[in-house]
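Here is the structure we will look at.
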Amino acid sequence: MTEISDRPGQLAPRYARVALDLPMAQLGAAWFDYRLPPEQTAIGPGSWVVVPWGRGRRIGLVLELAERSELGPDRIRPIDAPLADAPPAPADWLRLVRFAADYYHRGAGEVALPAVPKLLRTPPSARARGSVFERARRRFDTVATASGADTSGSDIPSTGEASASGPVFSGTTREPSPAQREALAALSSDTGFSVSLLHGVTGSGKTEVYLQWLASFLARDETAQVLLLVPEIALTPQLAGQLASRFPGERVAVLHSDLADGDRAAHWLAAVEGRARVVVGTRLAVLAPLPRLAAIVVDEEHDPSYKQQEGVRYSARDLAIVAASQRGIPIVLGSATPSLESWLSARRERYRLLRLPDRIGGAALPTPQTLDLRGKTLRHDLAPAAIEAIGEALARAEQALVFINRRGYSPVLGCLQCGWLSRCQDCSAYRVMHRIGPARTAAANRYRLVCHHCGGEQGVPRSCPDCGDIDLQAIGRGTQRLEEGLAELFPGARIGRLDRDVASRRGAARRLLDSAHAGELDILVGTQMLAKGHDFRRLSLVVAVDCDGGLFAADYRAPERLFATLMQVAGRAGRDARASRVLLQTRFPEHPLFAYLARHDYDGFADWQLAERQQAGLPPWRHQALLRAEAATQADALAFLAAARDRGQALLDADPAFDSQVRPAVLDPVPMTMSRLAGRERAQLLVESAARPPLHRLLDLWLPGLREIAGNVHWALDVDPAEI
Ligand code: ADP
Ligand code: ZN
Ligand code: ZN
């Protein structure tokens, strides 16, 4: 602490506070101090540096320079070197990173480093130093000059010729409808930060509004950048085409996690260096440093995929709003079924609500009908009326979409004699049947039992492990089994399936969607993935096989998700104004959710859910943080959480600053629904608060002490958890 400068009165910074991608809460630090190399005047806040760590090297981000360090001079190691050729992180972005680190109670390096493509944050060997950036730049330029060329695997034609002269609009811009005109007029009145919620059903012209609005920023300022966040890029090929044709003179950078390393680095660098003015990406794109960002759109803002589910569990939608506010720029959130968080903000007039009430072209939305499953004999999980409707659609040479909210073959294998079930040995989950071999082979060779939670797998037993009976049956349903069932019911039909399994094969989702669009498929079977952003012109029937899982679930968000998914899936039908049908199979047809759905009454549904949540003291009325713990035994995990709860309670009792009316509550620890995961036991503890500031104040005081009591328990905090 008593560092004495060589030149008294003229303290020059000698140290750098460096953020590394390490679990900072567990290490009990916010950054690491390093000594500046003597001749390095270029290193400053935002510099990327190579630093020694243990016996190896790491890439770090300089947060700030300091004159002093609390570490003794002999304990401080020097920075190796700046990361050659790396563009420094802009100040705006550092501010966002530091906000996210504070808000999610993580280290800045845990936020910043994973946001950088792997290729660019690997410590270079002395020989290759710097060249990785040059290669990435050349790669993007090569793609950029080959007009319309595909950026290998990204599904997105990258750019046209770069010119930033002339209007960016292409001839494909449509004359806005009156509702679109009104929305655009309201948006064009913005100067500075504002949040607008654009609410309109699928096909109401939201995308057209986004594109025209974003184009106005590009036209106004030849260096401006715009950011469009989408939930899932590989599944929205139309958007790629639209962007390429709408911004013909622009370089479009595409950021998502399925890109090959080289492409990801190339696109990221083009965005960060301002060479790409249009940036489209999934949640990780919100953490790309965009120096000239002028406007942001978050499409399908309610989509759960905006919440990161590992590492720093950030919400890309929420961070996008923070980024807009920090920079003083406008942001548009779009959805047919806004999240209740956004809806409440609109109700409170914190967000401007803009509506597109009708579908373009006046095509009616189909009216979803429930199919009561009670007392019906199902064939392959389909009610007779559903089978009949599929048959009719096929007879008219139209397409049918059969939608199911699960993946894999039937979830569980069971013994009809003794009730044995294919439980996972390592988890509290069940292992489910996955088809691996062709239909001809014997069942035991055709399937494997796989745990979706820990990935554990095994062959299918030929007889019951408990009683020896050979009558083992698949219980429950899945997309594969449904596909097989449909093939049996409609032998001539061309059937295609889309779920996580299929989509995990590069290009497979795209191929399936292409053949669906080309009319080469009669029946599409799949999960929510089919519901996203596709426009199937020949589709006239949607059957939702299993709606009930979302009605009565442990997670209070399940009905909100079900409503959103069913609205979305219903929006797939009838785009060309044919008479379309949406059939919802359920054993609870009188549930209020279906009545709102049948009237397309999002407002009514949302207000009803908000009232229920208010009564129950749940978000968005209250705020939550979840402390998750993982240990060898459930007792260890629970004991840690109980000790954590006691500490939290003691902090609340001891500190008069916690106003008694908005004081957070620390609840009791509970084992998680999926309590056993990959051989580890998991439990969780909820902290709730009517207001955010006291919640974060408590977390700030509470988390540092958890280090001392954690022992061998792994823990992590989830602020605003999306799943309970
Ligand atoms: P959303 O994003 O709300 O689902 P889109 O913007 O994709 O809706 O519009 C639905 C369809 O209507 C698209 O095929 C789009 O090209 C077309 N469209 C949108 N706006 C107009 C317009 N003003 N005039 C003509 N067609 C339009
Ligand atoms: Zn048995
Ligand atoms: Zn398992």
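Quantities reported herein were computed from a predicted structural model and do not represent experimental measurements. Counting convention: from 1, in listed order, for ligands and their atoms alike.
No side-chain N or O of R431 forms a donor-acceptor pair with one of S422 less than 3.5 Å apart. Checked by atom type, the side-chain pair T527/D499 shows no donor-acceptor distance below 3.5 Å. Side-chain N/O atoms of Q480 and E484 include no donor and acceptor closer than 3.5 Å.
Checked against the 6.0 Å centroid threshold, Y351 and W343 do not count as a close aromatic pair.
Only the side chain of I360 comes within contact range of ligand 1, with a heavy atom under 4.0 Å; no backbone atom does. Residue-level proximity to ligand 1 for R174 is carried by the side chain, the only part with a heavy atom below 4.0 angstrom. The parts of S204 lying near ligand 1 are both backbone and side chain, judged by heavy-atom distances below 4.0 Å. When heavy-atom distances to ligand 1 are checked against a 4.0 Å cut-off, Q180 comes that close only through its side chain, counted from C-beta outward. Contact annotation: for V201 versus ligand 1, heavy atoms closer than 4.0 Å belong to the backbone alone.
A donor-acceptor pair is defined here as one N or O able to donate and one able to accept, closer than 3.5 Å; no such pair exists between the side chain of E398 and the backbone of S580. Side-chain atoms of K206 come within 3.5 Å of backbone N or O of G200 as a donor-acceptor pair. In terms of modelled atom types and a separation under 3.5 Å, the side chain of Q585 and the main chain of D381 share a donor-acceptor contact.
Taking each heavy atom of V542 and V569 in turn, the nearest pair found is CG2-O, 3.7 Å.
The side-chain contact (heavy atoms from CB on, under 4.5 Å) search around R327 returns D92, L293, I329, not counting sequence neighbours. Residues that satisfy the side-chain contact (heavy atoms from CB on, under 4.5 Å) test with E301, not counting sequence neighbours, are L197, V298, R317, L333, S335, P338, S339, S342. Listed by chain and number, the residues in a ring-ring contact (aromatic ring centres under 6.0 Å, His included) with H302 amount to none (sequence neighbours excluded).
Distances between N or O atoms of E208 and those of ligand 1 include at least one value under 3.5 Å. For ligand 1, the polar-atom distance check finds no N/O of G200 at less than 3.5 Å from any of the ligand's N/O atoms. Checking only distances, G203 does come within under 3.5 Å of ligand 1, N or O to N or O.
Those atoms of ligand 1 with a heavy atom of T202 less than 4.0 angstrom away are 4 (O). For ligand 1, the atoms sitting less than 4.0 Å from at least one non-hydrogen atom of S177 are 23 (N), numbered in the order shown with element in parentheses. Of all atoms in ligand 1, listed by their number and element, those nearer than 4.0 Å to a heavy atom of P176 are 23 (N). Contact atoms of ligand 1 toward E175: 22 (C), 23 (N), 24 (N) (distance under 4.0 Å to a heavy atom of the residue). Here is the list of ligand 1 atoms found below 4.0 Å of a heavy atom in G205: 1 (P), 3 (O), 5 (P), 6 (O), 8 (O), 9 (O).
Less than 2.8 Å away from the Zn ion (ligand 2), the protein contributes these N/O/S atoms: C415 SG, C418 SG, C464 SG, C467 SG.
Below 30°, between 30° and 60°, or above 60°: for Y602 and F605 the angle between ring planes is between 30° and 60°, a tilted geometry.
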